[in-house]
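Computation of the quantities below employed the complete heavy-atom set of this structure, encompassing side-chain atoms and omitting hydrogens, waters and symmetry-equivalent molecules. Remember, it's a predicted structure, so these values are computed and weren't measured experimentally.
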Amino acid sequence: MSHDYHDLIQLFNRTFLPTYQTELVLGGDEPIYRPADAAHPHHRVIFARGYFASALHEIAHWCIAGAERRLLEDYGYWYLPDGRDEQQQAAFEQVEVKPQAVEWLLSASCGFRFQVSCDNLSGDHEPDRVGFTRKVREQVLSYLNQGMPERAAMLSEALRAHYGVPALKSEHFAEPCLSL
C-alpha cells in the first residue's frame, strides 16, 4: 500500500478546511502549528520534509488541542529538544502519550506502520521504548473503548475509507515486545 503525503494533505484539507479553517501544509526541517494571521487566512498544521509519519504526528497534536490552544503558535506548548535528562524525558513522555495514541490510531487507519517516538537520541540515558509503547497502547485501547477525540475520529474514518481499512479493533494494536 502506497502512503503519499499528498493524499494525506488532500484528505485532511477536505475534512477540516471548511469546518475548522485548518489546512495541512508541507514544511521544511521543523514541524510547527501556526494559527491564522493577517498573511494566512487558515490555521496551518505544518509537517516536516514530506514525511508521512511527521504529518500524522502533527495532525495528532492538532486533534487533541482544545479551541483555545489552537489559537496559539504550537498550541502554546514549550518544547524541550533532544538531549533531555531522565526527568525531562519522563515529563516529555507523559505529555506525549495521548498524541502518540492518536497518531497510532491514524496510522492504523491507513495501514501505515506506527512506532513510538521517544525523540531523545542524544539524551543522557536510554529511554524505555517498550514501557512507553505500553502506555501509548493503553491510551489507544481507552480511545477505542470510550471514543476517540472527535477530530481524530473524523480523520480516521476518512483515512479508512481512502485506504480500504476496516473498523479498528483492539487486536490491531499488539502488545509491544522487548525487541523494540
Side-chain angles (χ1 to χ4, degrees), residues 1-17 20-66 69-85 88-123 126-127 129 132-133 135-136 139-140 148-149 151-152 154-156 158-160 162-163 165 180:
M1 182 178 313
S2 173
H3 294 96
D4 186 330
Y5 72 83
H6 292 96
D7 294 333
L8 194 53
I9 289 172
Q10 181 184 35
L11 290 165
F12 182 93
N13 292 350
R14 186 178 339 142
T15 304
F16 298 117
L17 193 54
Y20 288 92
Q21 292 72 51
T22 303
E23 62 184 330
L24 182 62
V25 178
L26 169 63
D29 290 340
E30 294 297 325
I32 192 166
Y33 171 77
R34 293 222 161 101
D37 57 27
H40 297 92
H42 304 111
H43 308 295
R44 292 161 292 145
V45 177
I46 302 169
F47 66 101
R49 301 181 185 174
Y51 295 137
F52 198 84
S54 173
L56 290 173
H57 183 79
E58 296 312 309
I59 290 168
H61 277 285
W62 180 80
C63 284
I64 64 169
R69 289 250 182 224
R70 293 192 312 271
L71 296 176
L72 304 171
E73 185 170 300
D74 254 359
Y75 316 106
Y77 291 122
W78 175 74
Y79 176 73
L80 187 62
D82 189 352
R84 295 180 288 273
D85 64 25
Q88 293 165 330
Q89 183 64 21
F92 167 84
E93 290 178 9
Q94 185 176 1
V95 299
E96 277 289 310
V97 167
K98 286 185 177 183
Q100 291 203 31
V102 169
E103 180 185 351
W104 196 349
L105 288 161
L106 296 177
S107 295
S109 297
C110 54
F112 187 75
R113 184 175 181 268
F114 171 80
Q115 189 170 14
V116 296
S117 174
C118 295
D119 197 23
N120 199 28
L121 299 175
S122 60
E126 182 64 31
R129 292 184 64 77
F132 183 48
T133 301
K135 290 175 187 174
V136 172
Q139 184 62 54
V140 165
M148 283 186 241
R151 285 168 283 137
M154 291 169 66
L155 187 56
S156 173
L159 291 169
R160 288 187 300 100
H162 179 80
Y163 288 100
V165 172
L180 281 177

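Cation-pi geometry between Arg151 and Phe16 is not met: the NZ or CZ atom fails to fall both under 6.0 Å from the ring centre and inside 45° of the normal.
Annotation: Glu73, atom CD; neighbour count of heavy atoms from other residues, nucleotides and ligands within 6.0 Å is above 12. Environment of CD in Gln21: crowded, with over 12 heavy atoms of neighbouring residues, nucleotides or ligands closer than 6.0 Å.
The nearest pair of heavy atoms linking Glu23 to Val25 is CG-CG2, 3.7 Å. Shown here for Val45 and Phe12, the closest heavy-atom pair between the two residues is CG2-CZ, 4.2 Å. In terms of heavy atoms, Phe132 sits closest to Glu93 at CE1-O, 3.4 Å.
A distance of 13.0 Å separates CD1 in Ile9 from CZ in Arg14, rounded to the nearest 0.5 Å. To the nearest 0.5 Å, the span separating CZ on Arg70 from CD1 on Ile64 amounts to 11.5 Å.
The side-chain heavy atoms of Leu26 and Phe47, taken from C-beta on, include a pair separated by under 4.5 Å. Using a 4.5 Å heavy-atom cutoff, the side chains of Arg69 and Tyr33 are not in contact. Side chains of Leu159 and Val165 form no contact here, defined as non-hydrogen atoms less than 4.5 Å apart.
Using a distance-only test at 3.5 Å, with no hydrogens or angles considered, no donor-acceptor pair links the side chain of Ser156 to the main chain of Ala152. Not a single donor-acceptor pair under 3.5 Å links the side chain of His42 to the backbone N or O of Thr22.
Tyr163 has its ring centre less than 6.0 Å from the ring centre of His3.
Aromatic ring orientation, Tyr20 versus Trp62: perpendicular (interplanar angle above 60°, classes split at 30° and 60°). A tilted orientation is assigned to the rings of Phe52 and Phe112, their planes being inclined by 30° to 60°.
Annotation: salt bridge (Lys or Arg N to Asp or Glu O under 4.0 Å) contacts of Arg49 (sequence neighbours excluded): Asp29. Taking His40 as the reference, nothing meets the ring-ring contact (aromatic ring centres under 6.0 Å, His included) condition, with sequence neighbours excluded.
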